[in-house]
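What follows is a set of notes on a single structure, which appears directly below.
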There are 2 protein chains.
Amino acid sequence: MSGRAPERFSINQMTVKQLSIPELVKACLELGVRNAGLWREPVQSYGVEVAAKLFRDSGLTVTTLCRGGFLTAIDPAERALALADNRRAVDEAAILGTDTLVLVSGGLPAGSRDLRGARERIADALGELGPYAAERGVRLAIEPLHPMYASDRCVVSTLAQALDLAERFPARQVGVTVDTYHIWWDDRAPEQIARAGAGGRICAFQLADWTTPLPEGVLNGRGQLGDGSIDLREWKGYVEAAAYTGPIEVELFNEVLWARDGREVLAETVGRFAEHAA
Amino acid sequence: MSGRAPERFSINQMTVKQLSIPELVKACLELGVRNAGLWREPVQSYGVEVAAKLFRDSGLTVTTLCRGGFLTAIDPAERALALADNRRAVDEAAILGTDTLVLVSGGLPAGSRDLRGARERIADALGELGPYAAERGVRLAIEPLHPMYASDRCVVSTLAQALDLAERFPARQVGVTVDTYHIWWDDRAPEQIARAGAGGRICAFQLADWTTPLPEGVLNGRGQLGDGSIDLREWKGYVEAAAYTGPIEVELFNEVLWARDGREVLAETVGRFAEHAA
C-alpha cells in the first residue's frame, strides 16, 4: 500500500487494537490514512491530552470517540456514576477535538425484563447529558446495536428506535450512529437512514461485514469488508442519499485480525475499503 | 410432577430430543401433556405412518410439524428439489394430523448479498406451495427468525416481514409462527401480533427464553422458561389479545437440557410453563 487512502476513510482504533497509539499514528501517516475513531480506555491509558496533541500535531482527524452510554441502571447510585462517567467522556471527546461521542445504551439491569422501561431511562439520561455535551461542541450519537445484544449491551436495537429517542432532543445534542453490522438485516433501515438524514442526525457512519458462524458471546466476529453478506456500497448509497458526506469508519472486532500484524491489517482494510465501499 | 399439564401446553420434540418417539409419548402420558410439536427427521426415522398412529392412539395432538422452508435457492435444480421436499413435508403434516407446517425460510445463497431478492424467491415458492398445502388441510406458517440468523438460516427476520409475505396469499394457505425467542427485542412485534390475529394468521405460538452469553454458532442457547430476559406472560397476553387460543409450544434448543434426562426436562418444562406462562 502506498499513496493516500481514500479521503473519507477512517480507521476505528478497535480494528487494530494491537497497535499502541503512537504505532497507530505512524501507520496512518505511512498509509495516508487521515482519520481515526478512538476508544476511551486506550486513550485514557496513554493520556487524553497527550493523545490529543499527538493526533493534532500529526494532522489526523479524530472522527469519533467510542463510547459513552450504559445508561439503563435503575439503582440511583449506579445511575449517578454512569452520568458522571458520560460527562467525562464528553470532556474527553472535546479535548480530542471530535464532535461525536458514540453511545452504546446499555442492556437490561440484572433480573429485569422491561425493555421499554430501560429505553425510557436512556431518554431521561439523554435529557441530562445532551445540553452538557452541546455546550462542549459534542453530539451524543446513539448507536443501535444488533438485536442479539438487546439483553446484555444495548436495548436500542433498530435505527427507528434510536431516532425515536434522538428526536426528543435538539439535533445539535443527540443524533445516531449508522453501522452496517447492526442494521443490515433490517428492511426498514434504508427509510430510517433517510429520516435521520432529513433531521440532520447522522453523526457517524461505520462499516463492518457480517460473517458466520458467530463466535461464542457474539462480540468479536465482525467480518473484514468484503468477507461477508453485506452489500456495503448499497448502504453507503443510502447514507449519501441522506446527504451524509462525513468520514466512514471501519470498525471491526475480530480475533483473527487482532492476532495479525496491525499495520498489515490497516493496509488490508484500506484496500478492502477502496474495493468494496469507495 | 403429577396430574395434568396445563391444557394448552405443547412440548416441541426438539426440547427433549434425547427421547425417542415412544419415550416421548410415554413421558407425555405420564405427565399429563396432551400436545406435541414434531420434527421431520426423527419422525421420518421412526416412520411417519407409525408415528402418526402412535400419537393418535395415545390421544396426543400433534400441534405443528417442523419444518419446511429453505426456499431461497437461485439454482433451478436446487429450487425444484426444495419445492419437492416441501410438498413431502406437507404430506407428512397431513398424515400426522396437524394443520401447521412451520417454515424456516432459508438464508442467502452462497456468495449472494441480496436479502430482498431472497425474500421474493420465498414469495414465489409460497405461491406454488400454498394451494398444495391448503388442499391437504395444512397451513404454511412462516417463522421469522432472530436477525442473527439472517444470512445463514432465515432472511425473514421480523413478524412484519413474515406478514408482508403471508398476506399476499389466502389465510387458509399461509400464516405465521410467533416465537418469543425470535421477536422479543422488537418493539413493533406487539402491533404485528395484533395484525396477524386480525387476519387470522397466527398458526402457532412458541415459547423460549433469551439467555446469554450466546454459544458459538448461536443455535443451541435457547433458555429454559424463566431463566432469561423475556416476559413470557406479557407476550402470551399479546397473542391472546389477538384472539389466539390454540396450543402454546415450548421449543428449546439447549445443549445443557439435552445432556439431562429427557423425562426430567419435560417435567421441569411443564413446571416452568405453569409458573411463567399459565
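Just so we're on the same page: letters track the sequence lines, and every chain starts at 1.
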I need the minimum non-hydrogen distance between A:P147 and B:P147, along with the two atoms involved.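 Residues A:P147 and B:P147, closest heavy atoms: CG-CG, 3.7 Å.
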
If you compare all heavy atoms of A:W185 against all heavy atoms of B:L115, which two are closest, and at what distance to 0.1 Å?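 Heavy atoms of A:W185 and B:L115 come nearest at CA-CD1, 3.9 Å.
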
Heavy-atom proximity to chain A below 4.5 Å, by part of [X]:
X: B:T158; answer: side chain
X: B:S229; answer: both
X: B:D152; answer: side chain

Measure the [atom1]-[atom2] distance between [X] and [Y] for me, rounded to the nearest 0.5 Å.
X: A:E216; Y: B:E216; atom1: CD; atom2: CD; answer: 7.5 Å
X: B:Y149; Y: A:L214; atom1: OH; atom2: CG; answer: 9.0 Å
X: A:R116; Y: B:D231; atom1: CZ; atom2: CG; answer: 9.5 Å

Which one of B:R119, B:H146, B:E234 has the most heavy-atom pairs closer than 4.5 Å to chain A?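 Looking at each option in turn, the highest pair count goes to B:H146.
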
Partner chain B: residue of A:V218, A:D164, A:D187 with the largest heavy-atom pair count (under 4.5 Å):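 Among the listed options, the one with the most contacts to chain B is A:D187.
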
Would you mind telling me which of A:S151, A:S112, A:A150 has the largest number of heavy-atom pairs within less than 4.5 Å of chain B?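 Option with the top pair count is A:S151.
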
Is it the case that the side chain of A:R113 and the backbone of B:G228 share a donor-acceptor pair, with hydrogens and angles ignored and the cut-off at 3.5 Å?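 Yes, because the side chain of A:R113 sits within donor-acceptor range (under 3.5 Å) of the backbone of B:G228.
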
